[in-house]
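Structure first, commentary second.
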Amino acid sequence: MKELFSLRTVRKKVLMLSKLAGVALIFSYIFSTGLPVSDEASFLLWLGFILLLVLGIDLFMDRFITKPVDKLNASAKRMARLDFSAPCDLASTDEFGELSASLNTMAENLRQALARLEDANTQLEKEVEKERLLLAERKELVDSLSHEMKTPLGIIRAYAEGLQDEADEAKKQKYAQVIVSEVERMNGLIVTLLDLSALESGAASLNISRFDFVELVETVAGRLLIDAPDTNFELQYELSEQKIFVRTDRRRMEQVLDNLIVNAKKNVCPGGALRLELILDDGMLHFSIFNQGRPIPESDLPKIWTKFYRDSRVKYSGSGLGLSIVAQILSMQNLPYGAENQTGGVRFWFSVPTAE
């Protein structure tokens, strides 16, 4: 019985309003005609009551029909523009309330679906960009190898042709040594270039460990500078007598030290100073190596970290990839590094935070 007389639907509200309006109209007519007044006065009184009744019905329709429809229409327009920031705030127990709840549910589902679609598109764009970069890196790798292989292949071909026509055994042996040397050079170039390509593409990851950086510098410097038979420079160094630990990739940092020390050794002038420093300052370990010799042109300083850069100061016999590998390894760890001309030579440096 309670559900029968409840006003939970718009239809029941309209039916109830029409019945009440009819009843009010009848009673108002009976009431106005029963008054001890003239027929004209009775009619005017009844007409005034009808006007009040119409205004009341208008207010009711505006409250329960027009305003809810306007809110639903505004929410539907926002959703049509894919704007789901403001839900429909219509609170009602009738069909309009159910429609509002359905619109809000639909809007939330659409918002989640669009968010998933945007995430999928972003992931797809990343994959496409990654594939594009891989293709570009492969092309660059092939182009670089093609460019760098021309000279050693030309030398190998020339000496191989010479072997065919040469009768002197001593010259044949010399030609064979040149060919072997060029093959080893090509092999080293390919290995180094593939290593750099793996670092740049992210295929090679870092193996972080805690170790004594002073001991690593002493080992690398001893192998390349002190124990080298072709030493023609004055070695100066300033290293800590205490152990200083860092957390980084030991093998990659050894690679960095190798390339920087070899670079300085190749560019130090005969009999010149080669100074190695490892200084601890405010939780940072600063490594630097200075070689006495001709400075690098200021316009070339930003270029020295790029692939196949050749130092114009000397006849360079390396691959031109050493400093590129240094830059890539240090950049992967967000470690600061650089090179600068100083009085009488060039200084390369990098810094790494210490570990407890």
Side-chain angles (χ1 to χ4, degrees), residues 3 6-14 61-146 193-209 247-249 251-252 302 305-308 321 324-337 352-353:
E3 182 66 25
S6 66
L7 300 178
R8 289 184 175 274
T9 65
V10 176
R11 178 175 175 272
K12 288 183 178 182
K13 290 177 181 179
V14 173
M61 296 294 287
D62 181 67
R63 171 67 177 80
F64 291 101
I65 305 295
T66 305
K67 286 185 177 179
V69 170
D70 288 342
K71 285 188 176 182
L72 291 170
N73 183 48
S75 296
K77 285 182 178 179
R78 286 197 304 270
M79 294 175 191
R81 297 192 301 268
L82 301 181
D83 179 9
F84 308 117
S85 58
C88 183
D89 59 351
L90 179 60
S92 177
T93 58
D94 54 22
E95 296 94 334
F96 292 143
E98 293 179 358
L99 181 57
S100 173
S102 298
L103 281 176
N104 289 335
T105 301
M106 181 183 69
E108 179 61 22
N109 292 336
L110 284 174
R111 187 190 65 78
Q112 294 179 2
L114 286 175
R116 289 194 295 269
L117 182 61
E118 289 178 357
D119 291 341
N121 285 338
T122 301
Q123 183 64 29
L124 181 60
E125 289 176 358
K126 290 181 180 179
E127 292 177 357
V128 170
E129 179 65 16
K130 183 178 180 181
E131 185 66 23
R132 187 189 67 80
L133 290 174
L134 286 175
L135 289 174
E137 288 170 1
R138 289 170 187 164
K139 182 179 182 301
E140 182 183 6
L141 179 61
V142 172
D143 293 343
S144 299
L145 282 173
S146 299
L193 193 55
L194 289 175
D195 187 31
L196 179 58
S197 180
L199 288 170
E200 291 176 339
S201 64
S205 58
L206 297 174
N207 184 20
I208 304 299
S209 63
R247 290 188 62 83
T248 181
D249 189 314
R251 184 177 71 86
R252 290 297 182 183
W305 310 104
T306 59
K307 281 182 272 192
F308 302 114
L321 297 173
S324 296
I325 291 178
V326 169
Q328 186 62 38
I329 293 174
L330 296 177
S331 296
M332 288 175 66
Q333 304 175 82
N334 296 317
L335 300 179
Y337 65 92
V352 58

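Distance check, rounded to the nearest 0.5 Å: CD of Glu125 to CD of Glu118 gives 10.5 Å. Taken to the nearest 0.5 Å, the CD1 atom of Ile208 stands 11.5 Å off from the CZ atom of Arg252.
Pairing each heavy atom of Ser324 with each of Trp305, the nearest pair is OG-O, 3.0 Å.
By the side chain to side chain donor-acceptor pair (under 3.5 Å) test, Glu131 pairs with no residue at all, sequence neighbours left out. For Leu110, the side chain to side chain contact (heavy atoms under 4.5 Å, CB included) criterion is met by Phe84, Met106, not counting sequence neighbours. Evaluation of the side chain to side chain contact (heavy atoms under 4.5 Å, CB included) rule for Thr105 yields Asn109 as partners, not counting sequence neighbours. The side chain to side chain donor-acceptor pair (under 3.5 Å) test applied to Arg111 returns Glu108, not counting sequence neighbours. Remark: Glu129 engages Arg132, Leu133 in a side chain to side chain contact (heavy atoms under 4.5 Å, CB included) (not counting sequence neighbours).
Under the 3.5 Å distance criterion, the side-chain polar atoms of Asp249 are matched with a main-chain donor or acceptor of Asn207.
Between Leu335 and Pro353 there is a side-chain heavy-atom pair separated by less than 4.5 Å.
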